Amino acid sequence: MSALTDYLQRISGKRIAVIGAGVSNTPLIILLRNAGLPVTVHDKKTADELGERYRELAALGVSFVLGEDYLDYLSEDIIFRTPGLHPEHPALKEVRARGGIVTSEMELFFEVCPCQIIGITGSDGKTTTTTLVYEFLKHAGYVCHLGGNIGKPLLPEVEQMTETDIAVVELSSFQLMGMKHSPHISAITNLTPNHLDYHADFNEYVQAKTAIYTNQNENDILVLNIDDEVTNALKLNEKSKVLLCSKKIKPENGVYLEDNCIYIAENGVSRPLMMKDKIRILGEHNVSNVMMAAAIVQGLCKDEDIVYVAENFGGVEHRIEFVRELNGVKYYNDSIASSPTRTIAGLCSFNQKLILIAGGYDKHIPYDVLGEPICEHVSKLIVTGATANKIKECVKNAKNSEKPEIFDADSLAHAVKKASEIAQSGDIVIMSPASASFDAFKNFMERGEMFKNLVMTL
């Protein structure tokens with residue numbers, strides 16, 4: 001009997017609520033109903049707003065509590081929360097107080113997954129690092145499963161997984177909050193202020209991230225980027241074996257950079273892996289991502305697997321993604337840059353000044369760090385969305401004497417049109433918002449697709 005089958009049998013007879021019928025929870029709802037379990041979906045959206053998803057789930061016999069009061073009637077025995085709902089929400093506190101169980105799709109996946117799990121989190125670089133790890137392992141011949149925050153839930157694939165497979169999972173702070181399981185191999189790329197519209201403060205955000213290694217044991221591994229000030233100061237789980245990544249120092253165990261060469265260190269003995277200029281994807285931040293990924297797969301992949309992928313991997317979609325060249329102007333989609341530090345990394349990846357399109361949903365994070373890099377790397381700035389004024393203000397307050405010309409746009413379409421009007425042959429236009437997408441789009445992928453479509457129709 002599989003762990004999933006055993007779990008479904010154990011909760012037989014329980015009433016189940018799933019909060020949110022989004023991408024991560026819909027496969028869970030279908031799985032529970034196919035097992036014959038009673039499921040009620042609680043969602044803020046109306047039936048009309050859920051559309052085809054409502055009709056699909058209703059046909060399976062799912063019950064619904066919809067609308068603004070969707071959290072007022074959580075009387076079920078087991079509650080699966082959506083990642084977007086804080087685990088300390090008053091409605092969930094009431095569930096626990098009456099003896100109900102609050103869990104999540106990701107928590108269940110960790111409980112029933114039959115194979116080794118590699119989990120990656122951080123503020124910046126986690127998507128590229130996660131994808132690199134997946135590609136390294138695939139090239140080494142493993143059967144791998146890629147998912148989590150990177151795009152698809154892995155729970156539906158559990159029954160097809162074997163003990164020799166490897167699940168590579170990107171984990172957000174939303175998913176990690178309240179988690180009681182940790183991956184076999186965990187990694188934190190860096191920690192900078194993010195999602196402060198959701199978390200009480202930066203400390204809570206950091207604590208959420210550390211859940212990725214809190215429950216590790218002596219057979220588990222933690223990979224850290226110690227060049228990051230916050231990550232370097234974390235209180236660690238003493239049971240975890242730790243591998244360190246650095247461009248500044250040589251660790252006893254881990255990966256480091258010296259004289260532009262990436263080295264692997266194992267018990268104080270070093271061997272060269274590759275020269276950093278052989279990495280295909282642009283930017284110093286991607287050198288760090290390759291180093292992190294290389295550390296994560298130590299003992300699983302040969303150096304040749306790592307080098308081959310690093311020299312041939314073209315990058316993830318929406319991360320400094322080349323879209324087209326038109327009239328001598330190159331357009332890049334960096335929609336995944338949903339924070340100032342990600343945008344800074346993108347700007348620093350080019351050796352000329354850029355035309356930058358920025359702005360979007362306000363996550364209540366500081367933008368002051370963005371001012372000087374914009375002045376240094378941007379010739380013309382087009383701002384749009386809820387954070388437009390914050391971005392303009394940080395540029396205004398920057399100490400740089402030379403500042404970019406600033407244009408306002410009332411939409412992404414307007415911003416792309418303005419960029420095409422002011423760009424000249426030889427210019428580079430990059431959409432790197434430094435902001436989330438929720439003011440106008442479902443997610444950064446939808447925003448990136450819209451940008452690419454707008455550029456392709458110029």
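Just so it is clear, the structure is predicted and the values come from calculations on it, not from any experiment.
- A salt bridge links Lys417 to Glu421: one of the charged nitrogens lies within less than 4.0 Å of a carboxylate oxygen.
- Residues Leu234 and Thr231 are in side-chain contact: their nearest non-hydrogen atoms beyond the backbone lie under 4.5 Å apart.
- Salt-bridge formation is not detected for the pair Arg53/Glu56: no Lys NZ or Arg NE/NH1/NH2 atom is positioned less than 4.0 Å from an Asp or Glu carboxylate oxygen.
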Review point. Checking side-chain hydrogen bond (donor to acceptor under 3.5 Å, both in side chains) for the pair Ser123/Tyr205: CA distance, chi angles, key distance, verdict?
Key: CA-CA 10 Å; Ser123 300; Tyr205 170 72; 2.7 Å; yes

Point to revise | Asn215/His181 under side-chain hydrogen bond (donor to acceptor under 3.5 Å, both in side chains): CA gap, chis, key distance, verdict | key: CA-CA 6 Å; Asn215 295 292; His181 297 83; over 6 Å; no

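- Side-chain contact between His285 and Ile320: present, with at least one pair of heavy atoms (C-beta onward) separated by less than 4.5 Å.
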Exercise for review: Please step through side chain to side chain contact (heavy atoms under 4.5 Å, CB included) for the pair Ile19 and Tyr70, ending with a clear verdict.
Suggested key: CA-CA 9 Å; Ile19 300 175; Tyr70 73 111; 3.9 Å; yes

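- Between the side chains of Ser420 and Tyr331, no donor-acceptor pair is found at a separation under 3.5 Å.
- Closest approach of Asn25 and Thr82 over heavy atoms only: ND2-CA, 3.7 Å.
- Not one N or O on the side chain of Asn232 forms a donor-acceptor pair closer than 3.5 Å with the backbone of Asp227.
- The side-chain hydrogen bond (donor to acceptor under 3.5 Å, both in side chains) with Lys392 is formed by just one residue from the set Asn397, Thr387, Asp408; it is Asp408.
- Classified by interplanar angle (parallel below 30°, tilted 30° to 60°, perpendicular above 60°), the ring pair Tyr332/Phe350 is perpendicular.
- Classification of Lys452 and Glu449 as a salt-bridged pair holds, one side-chain N sitting under 4.0 Å from a carboxylate O.
- For the pair Asn289/Ile281, no side-chain contact is recorded, criterion being any heavy-atom separation below 4.5 Å from C-beta on.
- Side chain of Lys363 to backbone of Ser338: a donor-acceptor contact under 3.5 angstrom is found.
- Contact detail for Val65 and Asp69: the closest heavy-atom pair is CG1-O, 4.4 Å.
- Closest approach of Thr343 and Ala337 over heavy atoms only: OG1-CB, 3.6 Å.
- When each of Glu317, Arg319, Arg447, Glu321 is tested with Asn333 by the rule side-chain hydrogen bond (donor to acceptor under 3.5 Å, both in side chains), just one qualifies, namely Glu321.
- Looking only at atom types and distance, the side chain of Ser339 has a donor-acceptor partner in the side chain of Asp124 under 3.5 Å away.
- Across all non-hydrogen atoms, the minimal contact from Ala295 to Leu243 is O-CD1, 3.5 Å.
- Using a cut-off of 4.0 Å between Lys/Arg side-chain N and Asp/Glu carboxylate O, Asp334 and Arg342 are scored as not salt-bridged.
- Between the side chain of Lys403 and the backbone N or O of Lys396, at least one donor-acceptor pair lies under 3.5 Å.
- The aromatic rings of Phe80 and Tyr7 stand perpendicular to each other, their planes meeting at an angle above 60°, with 30° marking the opposite boundary.
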Review point. Under the salt bridge (Lys or Arg N to Asp or Glu O under 4.0 Å) criterion, do Glu52 and Arg55 qualify, and how do the steps go?
Key: CA-CA 5 Å; Glu52 183 58 35; Arg55 292 185 286 274; 3.3 Å; yes

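- Residues Leu236 and Leu224 form a side-chain contact, since some pair of their non-hydrogen atoms from C-beta on lies under 4.5 Å apart.
- Salt-bridge annotation for Glu135 and Arg280: absent, with no side-chain N of the basic residue lying under 4.0 Å from a carboxylate O of the acidic one.
- Taking every heavy atom of both residues into account, Ala21 and Asp43 meet most closely at N-OD2, 2.8 Å.
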Review point. Between Val455 and Met431, is a side chain to side chain contact (heavy atoms under 4.5 Å, CB included) present by the stated rule, with each step listed?
Key: CA-CA 11 Å; Val455 170; Met431 191 265 289; over 6 Å; no

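- At distances below 3.5 Å, not a single donor-acceptor pair connects side-chain atoms of Tyr73 with backbone N or O atoms of His42.
- The minimum heavy-atom distance between Ser2 and Glu159, with the atom names listed, is OG-OE1, 3.0 Å.
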